[in-house]
A.B. asks: 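Handing you a structure now.
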Amino acid sequence: MEMITNTSPRKGVNNVHPTPPPLPAKAPEYGRKGIFMSKRSAVTRYSSASSTARDLWDSLFDGGYRADVTIKTDDGGIIYAHANVLGMASPVLRGMLKRAKGFGKKRSISIHGVHQDAVRVFIRFLYSSRYKYEEMKEFVVPLLVLSHAYAVSSLKRVCEQQLEHGLLNLENVVDIFQLSLLCNAPRLTLISHRMILSNFKAVSATEGWKSMRNSHPGLEKELLESVIEEENELMYKCNPQNQKEKIRKSKERKIYLELFEAMEALVHICRDGCRTIGPHDKDFNQNQTPCKYRACKGLELLVRHFAGCKLRVPGGCIHCKRMWQLLELHSRLCADSTSCRVPLCSNFKEKVKKQSKKDEIKWKILVKKILRTKRIGGSVSFIASSTSMSS
C-alpha cells in the first residue's frame with residue numbers, strides 16, 4: 001500500500017500531511033490526588049469512588065447479601081447489615097459488635113431513640129457515603145445526633161454543612177442550638193446563636209423555645225442575657241458618646257478574666273505542679289507536656305520571689321503584696337479550704353471574719369464581678385476542683 005508523504009504525492013491528493021485525530025478527552029477527576037514517586041519523576045494519579053462502585057455498595061446494603069448483623073430500632077424496625085462495614089465506618093459500632101450476642105456468626109445490636117427510617121439512612125451512608133436531599137431534609141436532626149454518638153465525622157460534617165446552607169430555620173434553630181452544644185459543633189453553635197439573636201421575637205414564639213424553657217431554663221436565661229447584651233451593643237454603636245464607656249468595660253472585663261485565670265493557675269501549681277514548681281511531694285517529669293494555663297509562667301516567677309523574699313510582709317514588697325492579694329482572693333473563691341492545698345487558704349478564711357465592713361464589701365464586689373465575667377465565657381471550674389485537692 002502506497003504511503004502518502006511529501007516525497008510521494010498521488011494524483012488528486014494535496015501534498016500535505018493528513019489531519020491527526022483529536023487527543024482523548026481527559027478523564028474526570030474524582031476524590032483527591034495522590035502522588036506515586038518513581039526514580040525519574042512523580043506520576044500523578046487519581047483515586048475515586050466511581051458511581052459504579054457506590055451503586056455496588058448500595059446494592060450490598062439493599063440486598064443484604066450474607067448480612068451477619070441485625071440492627072433493631074425502638075419502633076420495631078429491623079435492618080440487616082455487615083459487621084465488617086459497620087466496624088470499619090464507626091469505632092463505636094465496632095465496640096458494640098464485639099460485645100453483641102447472637103447465634104453462630106449472626107449478631108444483633110440496637111439503636112435507640114431514633115426512627116427506623118433515620119437509622120436506615122444512617123446505615124446506608126456508612127456503606128456508600130450517599131444520601132438523598134429529601135431524606136437529609138427530613139432527618140437532619142437525628143442524623144446529626146447519630147453521627148456524633150457513633151463517631152462518624154464525615155456524616156457530621158455533611159449535617160453541619162446542610163444546616164448552614166439552608167436546612168437551619170426559625171422553627172428548628174433552638175433545637176439545633178441545643179444539639180450543637182451537646183454534639184461539640186462550635187461553628188453550628190455560633191450560626192444558630194446568631195440566628196436566634198437576629199430573629200428573637202419570632203424564635204421565642206416557637207415550640208422549640210417553649211420546650212427549652214421547660215427543660216433547660218438556665219440556657220434560656222443565658223440566651224436572654226445575650227439578647228440584652230446585643231441590644232446594648234447596638235445602642236453603643238448608635239451613640240458615639242458611649243464608645244468610651246464600652247472601652248472601659250472591655251478593659252475591666254479583661255482584668256477580671258486575667259484574675260480568674262491566675263486563680264486557676266494557682267490551684268494548678270499547688271495541686272498538680274507545673275514545670276519545675278509545685279507541692280513538695282510532687283515528682284516532676286522532664287518530658288512534661290506543655291502547660292495549658294497562660295498565667296502559670298508569670299505566677300511561677302511570683303511564687304519563687306515570694307518564697308525567697310526577706311520583706312515578705314504586706315506592704316514591704318510590691319511583688320509580695322500582689323501575692324498576698326492573690327492568696328486572699330483565692331480563699332474567697334475556694335469552696336472548701338479544709339482540703340485545699342493552696343497555702344494559707346484556711347488562714348484567710350479566718351481573717352475574713354475579723355475584717356472591717358468596708359473591706360468586706362470591696363472584696364465581695366470584686367468576687368462577684370470575677371464570677372459574673374467568667375460565667376459569660378464558660379463554667380467556673382477551679383472552685384469545684386479546689387474541693388478535691390488530694391494529691
Side-chain angles (χ1 to χ4, degrees), residues 177-178 180-181 184-198 200 216-270 274 291-303 318-319 321-335 342 345 348 352 355 358-386:
F177 176 67
Q178 295 178 84
S180 64
L181 292 172
N184 190 25
R187 178 173 175 80
L188 191 57
T189 301
L190 179 63
I191 293 170
S192 54
H193 185 259
R194 285 177 177 173
M195 180 178 283
I196 291 172
L197 296 185
S198 303
F200 179 73
H216 299 93
L219 188 58
E220 182 197 25
K221 183 179 178 182
E222 289 187 14
L223 286 172
L224 290 173
E225 289 176 353
S226 298
V227 171
I228 294 171
E229 190 176 341
E230 184 80 5
E231 291 176 350
N232 292 337
E233 192 78 17
L234 291 173
M235 183 183 69
Y236 277 119
K237 289 181 179 180
C238 295
N239 190 351
Q241 294 179 357
N242 292 322
Q243 290 298 320
K244 291 183 179 180
E245 179 67 13
K246 178 184 175 183
I247 294 172
R248 184 190 69 79
K249 286 187 175 182
S250 177
K251 290 180 178 179
E252 188 180 74
R253 183 172 181 269
K254 184 179 179 182
I255 292 172
Y256 294 143
L257 284 174
E258 288 175 351
L259 282 172
F260 186 89
E261 290 173 0
M263 294 297 98
E264 285 192 319
L266 181 62
V267 171
H268 162 63
I269 289 174
C270 297
C274 182
C291 180
K292 66 177 182 178
Y293 297 99
R294 293 179 297 177
C296 262
K297 188 174 182 180
L299 194 59
E300 182 178 348
L301 297 175
L302 189 62
V303 170
I318 187 171
H319 301 296
K321 182 180 179 181
R322 176 68 170 166
M323 191 66 207
W324 284 111
Q325 290 172 339
L326 290 175
L327 290 172
E328 184 168 357
L329 179 58
H330 162 78
S331 71
R332 292 176 175 273
L333 289 166
C334 184
V342 176
C345 183
F348 277 110
V352 168
Q355 267 186 337
K358 184 178 179 181
D359 289 338
E360 181 66 14
I361 292 173
K362 287 182 180 179
W363 279 105
K364 282 185 176 180
I365 292 174
L366 177 61
V367 170
K368 183 178 179 181
K369 287 186 176 181
I370 290 174
L371 293 178
R372 185 181 183 279
T373 301
K374 185 57 184 176
R375 183 174 55 80
I376 294 172
S379 61
V380 180
S381 59
F382 81 92
I383 294 178
S385 66
S386 64

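Count residues from 1 along the sequence.
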A.B. asks: Would E328 and W363 count as a side-chain contact (heavy atoms from CB on, under 4.5 Å) if you check the C-alpha gap in whole Å, the side-chain angles of each, and the deciding distance to 0.1 Å?
C.D. replies: CA-CA 9 Å; E328 184 168 357; W363 279 105; 3.4 Å; yes

A.B. asks: Test side-chain contact (heavy atoms from CB on, under 4.5 Å) on L188 and F177 and set out the steps.
C.D. replies: CA-CA 7 Å; L188 191 57; F177 176 67; over 6 Å; no

A.B. asks: Applying side-chain contact (heavy atoms from CB on, under 4.5 Å) to F200 and L223, what does each step give before you reach the verdict?
C.D. replies: CA-CA 10 Å; F200 179 73; L223 286 172; 5.7 Å; no

A.B. asks: Could you state the interatomic distance from CG (L257) to NZ (K254), rounded to the nearest 0.5 Å?
C.D. replies: 10.0 Å

A.B. asks: Whether the side chain of S192 engages the backbone of T189 through a donor-acceptor N/O pair (distance < 3.5 Å, no angle test) should be reported.
C.D. replies: yes

A.B. asks: Rounded to the nearest 0.5 Å, how far apart are CG of L333 and CD of E264?
C.D. replies: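 Output value for this atom pair is 10.5 Å.
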
A.B. asks: Please report the C-alpha distance between V342 and C334 in whole Å, then the side-chain angles of each, then the deciding distance to 0.1 Å, and finally whether the side-chain contact (heavy atoms from CB on, under 4.5 Å) criterion is met.
C.D. replies: CA-CA 10 Å; V342 176; C334 184; over 6 Å; no

A.B. asks: Measure the shortest side-chain to side-chain distance between R194 and L190 over non-hydrogen atoms and say whether it is less than 4.5 angstrom.
C.D. replies: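 Yes, side chains in contact.
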
A.B. asks: Hey, are the side chains of I370 and L329 touching, using non-hydrogen atoms and a 4.5 Å cut-off?
C.D. replies: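 Yes, their side chains come closer than 4.5 Å.
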
A.B. asks: When you compare the side chain of I191 with that of R187, does any pair of heavy atoms fall below 4.5 Å?
C.D. replies: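 Yes, side chains in contact.
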
A.B. asks: Do V367 and K362 have side chains that approach each other closer than 4.5 Å (heavy atoms only, starting at C-beta)?
C.D. replies: no

A.B. asks: For the pair W324 and F348, name the ring-plane relationship: parallel under 30°, tilted 30 to 60°, perpendicular over 60°.
C.D. replies: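 Answer is perpendicular, since the angle exceeds 60°.
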
A.B. asks: Measure the CG-CD1 distance between L366 and I255 for me, rounded to the nearest 0.5 Å.
C.D. replies: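 That separation rounds to 10.5 Å.
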
A.B. asks: First locate atom NZ of K369, then atom NZ of K364, and finally report the distance between them rounded to the nearest 0.5 Å.
C.D. replies: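 Between K369 NZ and K364 NZ, I get 15.5 Å after rounding to 0.5 Å.
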
A.B. asks: About how many Å separate OG of S226 and NZ of K221, when rounded to the nearest 0.5 Å?
C.D. replies: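 Between atom NZ of K221 and atom OG of S226 there are 12.5 Å.
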
A.B. asks: Would you mind reporting whether E258 and R253 have side-chain heavy atoms less than 4.5 Å apart?
C.D. replies: no

A.B. asks: Is there a side-chain contact between I318 and R322, using heavy atoms and a 4.5 Å cut-off?
C.D. replies: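 No, too far: nothing below the 4.5 Å cut-off.
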
A.B. asks: Just wondering, more than 12 heavy atoms not from H216 lying within 6.0 Å of its NE2?
C.D. replies: no

A.B. asks: For the residue pair L266 and L327, establish whether any side-chain heavy-atom pair is separated by less than 4.5 Å.
C.D. replies: yes

A.B. asks: Taking atom CD of E225 and atom CD of E220, what is their separation to the nearest 0.5 Å?
C.D. replies: 11.0 Å

